Amino acid sequence: MEFMSTELMAPKIFSSCHVFNTPDFNLLATLESGQVFGFTKEADGGFLGALNQVEVRLRQEENHLLVETEGETVLEEAVRRYFDLDRDLNLVYSHLLSDPRLKPAHKAFKGLRLIRQNPWEAVAGFIVSANNNVKRIQGIWQRLSNSLSENPRIFPSASAIAISNEPALRKIGLGYRAPYLLATARKIADSPERLTQIDQTDYEEAKELLMKYPGVGSKVADCILLYGFHKLEAFPVDVWVSRFMRKFYFRNRKVSEKRIGLFARKRWDSLAGYVQQYLFHAARCQVIKL
DNA sequence: TCCCAGGGATGAC
DNA sequence: GTCATCCATGGG
């Protein structure tokens, strides 16, 4: 499969660097916890990618987040909003610390924050994520950007994918997800307002609306609601979350993903999505043994 | 080689 | 409404 890795591309030189005071932030955990697929880690620990369709290099030095961009294009407010920097995480921590099963996740990943990414990118990314692994999703993300986007470092728009075709998407490696992504891109290119309206819709109805898009089932819809619309009661139940929840809260009984979601919302209420992110990352990284 | 991965669509019941 | 089966692909 031929695709240009970012390392082989001309090295990007950024002209300006913005510094953010971030006393309770963990960039590494935030970007490596499976919320976004478009950032590639560099040798010095920095990350190259795009934030709101703007190329950036991100780096953390102790209590400072450094955002390199071309010109003065990055708005202060946009970055704070993207990384949810103005949230007091102590409410999340109180959930994690009051439960011995979740404590290791706090210790390992304190400062992990939920990202508010572009809704379309969340839709596309998590359609690709179905029965897939993070490494492969990232590769597909890069190849979609390289082959279908005007700027190969930025993820293609819905319209750009809409004018593609199934064989091209299969060649990129989407497999059986190719027709799903294509059909959904075309629906969203046709009426983008149907997607953006979800922002003002409550969780339950928003989930139903999202599941009308091909390739979007219950779990993917929850991911889109959590990472694309910042609806924090969303509790995506993938294989890792399912294992964790069954082992620690359901005595290893087999329970439906729907029941797990209901249980989580009852227990952690409007912060269920945040708790999920910590426990998913901890389970997947084996910080918590399952 | 087999197993697994941030599951969804479909059809049977 | 729930449940089994099938679906591409590549990393481990």
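This structure is a prediction, so every number in the text was calculated from the model and none was measured. Chain letters run A, B, ... following the sequence lines, proteins first, then strands; residues in each count from 1. What's counted below: heavy atoms across the whole structure, side chains too, no hydrogens, waters or symmetry copies.
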- Query: Taking for each residue the nucleotide of DNA chain B with the nearest heavy atom, is it Ser129(A) or Met211(A) whose nucleotide lies nearer the 5' end?
  - Reply: Ser129(A)

- Grab the CD-P distance between Glu257(A) and dC3(C) for me, whole Å please. 11 Å

- Just how far, in rounded Å, is P of dC7(C) from CG of Asn132(A)? 17 Å

- Message: Using a 4.0 Å heavy-atom cut-off, does Val241(A) contact any base of the nucleic acid, only the sugar-phosphate backbone, or nothing at all?
- Response: base

- Query: Quick check: does any side chain N or O of Gln60(A) sit under 3.5 Å from a backbone N or O of Phe25(A), one acting as donor and the other as acceptor?
  - Reply: yes

- By nearest nucleotide on DNA chain B, pick out whichever of Tyr180(A) and Phe280(A) is the more 5' one. Phe280(A)

- Which listed nucleotide (dC4(B), dT9(C), dG7(B)) is nearest to the side chain of Arg136(A)? dT9(C)

- Item | Integer angstrom distance from the C1' of dT1(B) to that of dG11(C) | 14 Å

- Can you find a side-chain donor-acceptor pair between His64(A) and Thr22(A) that sits under 3.5 Å? no

- Query: How many Å lie between CZ on Arg170(A) and P on dA8(C), as a whole number?
  - Reply: 5 Å

- Contact class for Phe37(A) (heavy atom, under 4.0 Å): base, sugar-phosphate, or nothing? nothing

- Query: Rounded to the Å, how far apart are Leu182(A) CG and dA8(C) C1'?
  - Reply: 16 Å

- Quick one: does Glu166(A)'s side chain have a donor or acceptor within less than 3.5 Å of a partner on Leu182(A)'s backbone? no

- Message: Please determine whether any donor N or O and acceptor N or O are separated by less than 3.5 Å between the side chain of Tyr213(A) and the base of dG8(B).
- Response: no

- Query: Roughly how far apart, to the nearest Å, are dC4(B) and dA8(C) at atom C1'?
  - Reply: 14 Å

- Message: Does Phe20(A) form a side chain to side chain contact (heavy atoms under 4.5 Å, CB included) with Glu76(A)? I'd like the steps, not just the answer.
- Response: CA-CA 8 Å; Phe20(A) 294 80; Glu76(A) 162 112 15; 3.9 Å; yes

- Message: Does dT2(C) have OP1 or OP2 under 4.0 Å away from a side-chain N or O of Arg259(A)?
- Response: no

- Message: Would you call the rings of Phe109(A) and His281(A) parallel, tilted or perpendicular, taking 30° and 60° as the class edges?
- Response: tilted

- Starting at NZ of Lys171(A) and ending at P of dA8(C), how long is that distance when rounded to a whole Å? 19 Å

- Message: Counting the atoms with a prime plus P, OP1 and OP2 as sugar-phosphate, which does Ser242(A) contact under 4.0 Å by heavy atoms, base, sugar-phosphate, or nothing?
- Response: nothing

- Item | Along DNA chain C (nearest heavy atom to each residue), the more 5'-positioned of Asn131(A) and Lys135(A) | Asn131(A)

- Task: Indicate, with a heavy-atom threshold strictly under 4.0 Å, whether Ser218(A) touches base, sugar-phosphate, or nothing.
- Result: sugar-phosphate

- Decide whether Tyr227(A) and Asp222(A) meet the rule of one side-chain donor and one side-chain acceptor closer than 3.5 Å. no

- Task: Searching all strands shown, indicate the nucleotide that pairs with dT1(B) (Watson-Crick or G-U wobble; both distances under 3.5 Å).
- Result: none

- Is Gln277(A) side chain donor-acceptor paired with the dG6(B) base, going by distance under 3.5 Å alone? yes

- Item | Tyr176(A) OH - dA8(C) P separation (whole Å) | 9 Å

- Contact under 4.0 Å: Arg177(A) side-chain N or O vs dG7(B) OP1/OP2: no

- Note on the structure: Whole-Å distance, Lys254(A) NZ to dT2(C) P, equals 14 Å

- Message: Work out how far the P atom of dC3(B) is from that of dT5(C), and round it to whole angstrom.
- Response: 16 Å

- Query: Using a cut-off of 4.0 Å on non-hydrogen atoms, how would the nucleic acid contact of Gly34(A) be classed: base, sugar-phosphate, or nothing?
  - Reply: base

- Item | Length of the line joining Arg284(A):CZ and dA5(B):P, which is rounded to integer Å | 11 Å

